[in-house]
Amino acid sequence: MESQSAVISEPRLPGFRVHLENFDGPFDLLLQLISKHKMDVTDVALSVVTDDFISHIRLLEEEGKGWQLDQATEFLVVAATLLDLKAARLLPSGEIDDESDLALLEARDLLFARLLQYRAFKEIAAIFEKRIEVAERSFARVVSLEAHLVDLLPEVILGLSPERFAALAERALAPRDELTLSVAHIHVPLVSVAEEGERIIELFKVRKTMTFRTICQSADSTLVIVARFLALLELFKEGVIRFEQLVALGDITVHWTGAEGRKIKVSDEFDTPVSTLEEGDNG
Amino acid sequence: MDRDEAIGALEAILMVIDEPISATILAQILEVPLGELEEVLRSLARSYLEDSRGFELKEIAGGWRFYSSPAYAQYVEKFVISGQPGKLTQAALETLAVIAYRQPVSRARVSAIRGVNVEAVMKTLGVRGLVEESGIEYETGAVLYSTTPYFLERLGLNSLNELPEIAPFLPDIHALDEVISTLTD
Amino acid sequence: MDRDEAIGALEAILMVIDEPISATILAQILEVPLGELEEVLRSLARSYLEDSRGFELKEIAGGWRFYSSPAYAQYVEKFVISGQPGKLTQAALETLAVIAYRQPVSRARVSAIRGVNVEAVMKTLGVRGLVEESGIEYETGAVLYSTTPYFLERLGLNSLNELPEIAPFLPDIHALDEVISTLTD
């Protein structure tokens, strides 16, 4: 069995280096520093990291190595998690004086845990790869029965009619994926942006000005907060609200500017299950 | 039956089988208690290794059989037209890792952990015989997936218990998984 | 190559080949003079006998191969009689069904359709006299397999024409095969 202490692995994004003011080195090392609490994610300029990555990919392209889909996918996942993590960190925390602060802190830890989990499975995948390589160097003895023993074999009993045999063939020859029952509809988001939008509009019928914090007070999960945020963006697009933030990282105040009684519909474009992000993979 | 006789009989039977054979069947044929027989198999396997033989006796996916020693792979490869399918991609390996440690697991859950849609990759793993449908999740009706015996074979493992511990890579991953699922499902 | 390395390589090769192999070919692969190699093979065969191993290395009709030792024939015969039931496993039946409806067909193609390595199962079908080699695929040089008259007899049919038609509704199954084979080859 492989050494399990070897948590620090080879770089997963070979050759990709990040050049920041406070850090200069392989992307993987940056991740490790963050995941070991040696570096604060809020100190990382993600835009610079992204720029670096894009130029890294361009360079590969120019060198004729083509578009590295594996690398790009991996980068997107890690960068998205870092962004989530950073967003959670940047939200005001300070003293924990109410429930919503606590929820934000938890959300931050959860994102952190998710990053760790993501990386753990990458380590395991590397072990799988090595194991497969080793196993492939061993060949099984697969031999026919020695001639004098074949005579001892009992007569074969197929035990089925030609019709049953044909049915078996049909099943064995059928393309497998058609047997998979789609259950995508069962996993539709439990939170609907459109519905949360309706709820916000109801709130504005009572008060014309509210902070984002107030709007999210009754939210019982991070997902609801996200849905309400998206609904607000939709309403902004409709031109019926405006945002105001007096100090950086301060409370966001939302003002209703729409006409009384105007019928507003929050679109449900965010509620469609994501099915377009496919991993480019056929092996 | 004395030990030498048992060893000889085991070697003779193992020489004619075309698929792995379980210790239970061998114990029945030799009329030897299972525990005793397993001990003989293990010490036999060890002796081949100690003698640096060109072959190994291994228990993989629940059955014993002879394999060529990896040390001589370069020679054997000239005879065996490698029926081994191509290499798995990084994405496939990682998805396989998630399924191996979370089985039985729904596609949605794997997707949540991997952070991307895994539909295509899981189809590939299924076609390659590495994972299979193994049930339905009671609460959601989602199809659950598990690894196959062929998966164990490809990794050269006897059972899932031989998978490396994940704990050193991530403390208390099961607890985390539960909370994370509330975030992502 | 020193003697120990040569012995290891020989044992490794002989353990996984099915057909007897000539000393000439082995000498070429190992890059060892033929005379020297034959001497190693003979002394190896002798050592197995002296150690009362359950297997023997024998040269029959110009080819070397491992066989089970006659000294333990009673156990091997007991295994063959008891361990090989008249009934086929589900995997063997399905593989047989694929061959029956696709013949003549290469092993790689069957493997692609079944989604698993079918080497062992096809050997079993061959040993049971249900399928046989029937030609060579022109483009690839792969061996093609067909069912035997014995297969028809066991299914109670007079000719392959009597096999019930299957699934005319399956869309262009050959095209699907192509897709599947790109996934698995």
Side-chain angles (χ1 to χ4, degrees), chain A residues 66-70 73 125 128-182 275 277-283, chain C residues 12-19 65-68 70 73 76-77 79-81 84-88 90 93-102 113-115 119-120 123-130 150-151 154-157 162-167 170-171 173 176-177 179-180 182-184:
Chain A
W67 228 85
Q68 306 289 309
L69 197 57
D70 266 11
T73 314
F128 276 18
E129 193 172 21
K130 283 203 199 87
R131 286 212 68 101
I132 290 174
E133 272 169 25
V134 171
E136 275 174 356
R137 295 179 61 76
S138 234
F139 298 86
R141 177 171 173 90
V142 181
V143 298
S144 311
L145 213 49
E146 293 165 24
H148 68 278
L149 295 168
V150 172
D151 299 337
L152 293 171
L153 286 175
E155 187 101 81
V156 176
I157 302 159
L158 288 185
L160 34 71
S161 66
E163 287 71 30
R164 289 269 315 282
F165 185 75
L168 191 73
E170 217 159 82
R171 215 174 54 230
L173 289 166
R176 231 148 309 191
D177 37 11
E178 282 189 4
L179 299 176
T180 314
L181 183 69
S182 168
S275 60
L277 182 61
E278 289 274 350
E279 268 180 90
D281 180 278
N282 62 358
Chain C
I13 294 167
L14 289 162
M15 190 50 76
V16 300
I17 52 151
D18 190 12
E19 298 296 318
R65 185 189 190 268
F66 274 121
Y67 296 89
S68 62
V76 176
E77 283 167 13
F79 162 73
V80 171
I81 292 163
Q84 310 256 348
K87 282 185 86 118
L88 296 175
Q90 187 65 21
L93 271 176
E94 284 177 18
T95 305
L96 183 61
V98 170
I99 298 168
Y101 280 88
R102 281 302 162 72
I113 294 172
R114 298 266 299 117
E119 187 179 354
K123 261 202 181 130
T124 304
L125 293 173
V127 168
R128 306 311 291 263
L130 294 162
Y150 179 67
F151 158 76
R154 299 318 295 167
L155 202 59
L157 301 176
E162 290 179 14
L163 269 179
E165 295 230 351
I166 59 165
L170 274 184
I173 197 148
L176 281 170
D177 272 2
V179 179
I180 292 168
T182 63
L183 286 177
T184 49

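Proteins get letters first, then strands, A, B, ... in listed order; numbering begins at 1 in each.
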C/Ile13 portion near chain A, given a 4.5 angstrom heavy-atom threshold
neither
Heavy-atom contact with chain A under 4.5 Å, split by part of C/Tyr101:
side chain
Ignoring hydrogens, what is the shortest heavy-atom contact between A/Ala172 and C/Ile113? Give both atom names and the distance.
O-CG2, 3.7 Å
Measure distances from A/Glu163 to the heavy atoms of chain C and classify the residue's part below 4.5 Å as side chain, backbone, both or neither.
both
Heavy-atom closest pair, residues C/Ala97 and A/Phe165:
CA-CZ, 3.4 Å
Flag side-chain contact, heavy atom, 4.5 Å: C/Glu162 against A/Pro162
no
C/Ser68 versus chain A, the contacting section by heavy-atom distance below 4.5 Å:
both
At a heavy-atom separation under 4.5 Å, does C/Ala100 approach chain A through its side chain, its backbone, both, or neither?
side chain
Honestly, the part of A/Val142 sitting under 4.5 Å from a heavy atom of chain C is both
Which one wins on heavy-atom pair count under 4.5 Å against chain A: C/Asp18, C/Leu157, C/Leu130?
C/Asp18
Please test A/Val156 against C/Tyr150 for side chain to side chain contact (heavy atoms under 4.5 Å, CB included), starting from the C-alpha separation and ending with a verdict.
CA-CA 10 Å; A/Val156 176; C/Tyr150 179 67; 4.0 Å; yes
Could you pull out the closest heavy-atom pair between C/Val16 and A/Ala140, with the gap in Å?
CG1-O, 3.7 Å
Rounded to the nearest 0.5 Å, the OH atom of C/Tyr67 sits from the CG atom of A/Leu149 at a distance of 11.5 Å
Residue part contacting chain A, namely of C/Gln90, when any heavy atom lies under 4.5 Å
side chain
Would you compute the distance between atom CZ of C/Arg154 and atom CG of A/Leu160 and round it to the nearest 0.5 angstrom?
12.0 Å
C/Arg65 to A/Arg141 - nearest heavy-atom pair and separation:
NH1-NH2, 4.3 Å
What residue in C/Val98, C/Leu163, C/Val76, C/Leu93 has the most heavy-atom pairs under 4.5 Å with chain A?
C/Leu93
Minimal non-hydrogen separation, A/Leu152 against C/Glu77, with atom names:
CD1-CG, 3.3 Å
